[in-house]
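Below, each value reflects all heavy atoms present in this structure, side chains not excepted, and no hydrogens, waters or symmetry copies. Computed from a prediction, not measured in an experiment: that's the story for all the values here.
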Amino acid sequence: MTKNKEIENYKRYEPTDDEKRICEFTYSKFKEAYVAKAPLMKEWKKYMDAYDGTYYKKNTKVDYKSNQVSNHVFSIVESIRPIMTDNNPKFLAIPRQPDGMDVSSDIQTALDYEWDRERMSTKLPSQLIPMLVYGTAIWYVHWDGNSGEYGNIKGTCVDPFNIFPDPLATNVDDAEYIIYATYKNANKLKKQFPKKASAIEGASITMSELVNDRDAENRDSNQVLVIECWCRDWTTVETGEDKDKKKMLKYPTGRVITCLPELGILLSDKKNPYKDGKFPFVLMKDYDIPFRFWGTGEVEQILSPQHYINELTNQIIDNAKNTANMPWIIDKNSGIGVGKLTNRPGLVIRKNPGTEVRRDAPPPMPSYTREQIDVLKKDMQDISGVFDSLKGERQSGVVAAQAIMALQEASQARIRLKIKIMEQHLSDLASMWYSRMQQFWKLDKWVRVTDIEGNPNFKQITQEVLKNDFDINVQAGSTMPTNKNAMLDLMIRLAQTNAEDGLPVVDRKAILEYLPSTDKKAIIDRIEMQKAQQKQEQELANQQALEQQQREQQQVQGEMNESVTQQVTQMLQEVMAQMQSLGNQVDELILDKEDRDKKEYESKIEEKGYKRGVKDGKMQTKEENREEVPKVNENEEDINQDGLDAPIQDPEIEKLQTQQIPIDVLEGLLQMMESDPEQLLGIMEQYPELQEMLQQDIMNMNGGQI
């Protein structure tokens, strides 16, 4: 029953005519691009053989010829590669609108996280090999929904042999199509496309260049050619009804066709899934020749001198072999049999008389042969720009550190240009990567990055952050190599040099940047420990100084209070003495005034009594004379009930009575009230009249109000 079901499933799938037509169209484009690229792939194989040294071994024709390979091609490539990757690139997120300024650091952090997650720091050096050897390295930036919990962006290194662009294209953007062709195991495809698994059958590999000749010795018969064609499709469709009908592109962002052309099976046909509408390929070129899709590498230019260096070197070796073992010249009748003469030391040769056994002296090796090898090496250095100083070899006559640095900097001129081009390609790669993040990061995501000290930091990247558009650039010179020992020496000297403000030109962190990570971490830990200890000691010293200052202030305040108290007491005693004297004067004045008032009173009584008697006499006389008596003048002074006028206050007594506490004594008392009120209360108890005087002064100062 199971076998019948499998047979039924196998017969169930049959490609339609439209699917076959699409497969044939895609395969025709692949063949077109393959034919145009075939000569270049042939050269690429030769360049890679030259890099790994197998090219020169393949040219050996006979066994007795020397086959020494001094592979300067490998040396030059491997001298350039570590210099270009000495420092990790630093991305600079530049916002396109002002709103993005606040989140630019978050975007840069997210890009750094993605760089670390995909281990691009190890992929980049490996990609420099095809870039320097072939002239072009290719990144395939795509979204893998099956990677991780929610999917991840993948930066895949693609072999240039597997990419077939439009023959008329000069770059990725103006290509009508780019085909990614490779071989995959049939079982993997069946699992990935179960509905079409019954028609998928594996076979042997027919194009070994697509698998980098890995099938040369072990041919796998279960492989299937898979073509992924990214193309521009200008097919239009009508939308709307009647008068509102409009023609629109059916695939506005492009089209992706995945098929098995040898089997005529169409795996998928869909629109470009990326909103930016770009093909997901980023090229890195060594020498970017204008109007060419493919770049030029180092090996193409230095292969010829390397070839002749090997030939001349092997000729010298062969000559040395012949010189050390020249051929024998032996007469036929010498009596020495074939194979009897060897190069054994102390060999005794017995020959017949009259015969000859000898060796000819070899001709000397021309001196120009070795000189020509040096010339060819110099040519390779001039062509590649990799000189001995760039490799760290000491130059004769150059001993000063600054001169060595200047020489190395001058020798890096060619490589600096390569690094600028690489940085621009990395900027394109980061921009495409950020576009994928905007499109596929649907949830807030925590990212982890490590700082310069190796400590992990976490930051949340939200959808609000990713809404901003950025231009991603690589900071200029961030990947440029530096002589760290020389720069460390320079930083130390700058740290010992003070600027116009008295501070060092650079701080200690600038020095630590040029130390190894392990040493840097230990030094930073010790610095932080010393800072904490110094902070504790400073806080303790500040606390002790504050306590000492408070004690001194209390002591000074006490002395001042005591001095003020003494002064106030002395002044109070003087004031009280003055007040006593004033009181005596007032008493005397009061007594004098009482005497004067009494005398005036008595004189007034006498005068008024006399006047009253005179008046009474006149009244009696008038009555007697029966004459009318005139009235008393209305302006005459009235007499009070007691017959006395109201008492008049003496101004001199008022002046003496209104005298109060002096101003300086009053200020001293007020100061004592603030500093030592208890002592003031004691003084007031000693001088009770002082309280009334203070109240009176305060009333006078406040306009009569306490």
A.B. asks: Any side-chain to backbone donor/acceptor pair from Asn272 onto Lys278? Under 3.5 Å, distance only.
C.D. replies: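 Confirmed, Asn272 side chain pairs with Lys278 backbone.
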A.B. asks: Is Asp166 salt-bridged to Lys29, cutoff N-O under 4.0 Å?
C.D. replies: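 Salt bridge flag = no for Lys29 with Asp166.
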A.B. asks: Go through the steps for Phe74 and Glu78 under the test side-chain contact (heavy atoms from CB on, under 4.5 Å), then give the verdict.
C.D. replies: CA-CA 6 Å; Phe74 179 85; Glu78 291 305 314; 3.6 Å; yes
A.B. asks: For the backbone of Asp174 and the side chain of Arg232, can you confirm whether one donor and one acceptor N or O come within less than 3.5 Å of each other?
C.D. replies: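 A pair under 3.5 Å: no.
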A.B. asks: Taking atom CZ as the centre, does Arg117 end up with more than 12 heavy-atom neighbours from other residues, nucleotides or ligands that are less than 6.0 angstrom away?
C.D. replies: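 Count over threshold, so yes.
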A.B. asks: Could you give the distance from CD1 (Ile419) to CD (Gln424), rounded to the nearest 0.5 Å?
C.D. replies: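 Going from the CD1 atom of Ile419 to the CD atom of Gln424 covers 14.5 Å.
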A.B. asks: With distance as the sole test, does Glu176 use its side chain to make a donor-acceptor pair with the main-chain N or O of Cys231 at under 3.5 Å?
C.D. replies: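 Absent.
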A.B. asks: State, to 0.1 Å, how close Ile129 and Met48 come at their nearest heavy-atom pair, and which atoms those are.
C.D. replies: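 Scanning both residues completely, I find the closest heavy atoms to be CG2-CE, 4.3 Å.
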A.B. asks: With a 3.5 Å distance limit and no angle check, can you tell me whether Gln306 reaches the backbone of His72 through a side-chain donor-acceptor pair?
C.D. replies: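 Between the backbone of His72 and the side chain of Gln306 there is a qualifying donor-acceptor contact (under 3.5 Å).
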A.B. asks: Considering only NZ, NE, NH1 and NH2 on the basic side and carboxylate oxygens on the acidic side, decide whether Glu423 and Lys420 come within less than 4.0 Å.
C.D. replies: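 Salt bridge absent between Glu423 and Lys420.
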A.B. asks: Testing the basics here: between Glu114 and Ile153, what is the closest heavy-atom pair and its distance to 0.1 Å?
C.D. replies: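 Closest pair (atom of Glu114, atom of Ile153, distance): OE1-CB, 3.8 Å.
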A.B. asks: Using a 3.5 Å distance criterion without hydrogens, assess whether the side chain of Asn185 forms a donor-acceptor pair with backbone atoms of Gln223.
C.D. replies: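 No: the side chain of Asn185 does not pair with the backbone of Gln223.
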A.B. asks: Give, for atom CD1 of Ile289 and atom OG1 of Thr170, the distance between the pair rounded to the nearest 0.5 Å.
C.D. replies: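 OG1 of Thr170 is found 13.5 Å from CD1 of Ile289.
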A.B. asks: Could you walk me through whether Glu262 and Thr206 pass the side-chain contact (heavy atoms from CB on, under 4.5 Å) check?
C.D. replies: CA-CA 11 Å; Glu262 294 177 340; Thr206 57; 3.8 Å; yes
A.B. asks: Could you check whether Trp294 and Trp44 have their ring centres less than 6.0 Å apart?
C.D. replies: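 That pair passes the under 6.0 Å test.
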A.B. asks: Run through Met432, Lys123, His425 and flag the one making a side chain to side chain contact (heavy atoms under 4.5 Å, CB included) with Trp139.
C.D. replies: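 Going through the options one by one, the only one that passes is Lys123.
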A.B. asks: Give me the ring orientation class for Trp230 and Tyr274: parallel if the planes are under 30° apart, tilted from 30 to 60°, perpendicular past 60°.
C.D. replies: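 Answer is parallel, since the angle falls under 30°.
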A.B. asks: Distance check, rounded to the nearest 0.5 Å: Ser70 atom OG versus Lys377 atom NZ?
C.D. replies: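 Going from the OG atom of Ser70 to the NZ atom of Lys377 covers 6.5 Å.
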A.B. asks: Would you say that more than 12 heavy atoms from the other residues, nucleotides or ligands in this model lie under 6.0 Å from the CZ of Phe25, or not?
C.D. replies: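 Atom CZ in Phe25 is not packed in, count stays at 12 or less.
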A.B. asks: Can you tell me which residue among Tyr180, Trp433, Phe279 is in a ring-ring contact (aromatic ring centres under 6.0 Å, His included) with Tyr140?
C.D. replies: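 Filter result, single survivor: Tyr180.
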A.B. asks: Sub-3.5 Å donor-acceptor pair from the side chain of Lys285 to the main-chain atoms of Ile421, do we have one?
C.D. replies: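 Pair absent, no side-chain N/O of Lys285 close to backbone of Ile421.
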A.B. asks: Quick one: does Asn319's side chain have a donor or acceptor within less than 3.5 Å of a partner on Gln315's backbone?
C.D. replies: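 Such a contact is absent between Asn319 side chain and Gln315 backbone.
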A.B. asks: Under a 4.0 Å N-O cut-off, is there an ion pair linking Asp382 with Lys378?
C.D. replies: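 Yes.
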A.B. asks: Under a 3.5 Å distance rule, please check whether Asp288 uses its side chain to pair with a backbone N or O of Gly295 as donor and acceptor.
C.D. replies: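 No; zero donor-acceptor contacts below 3.5 Å.
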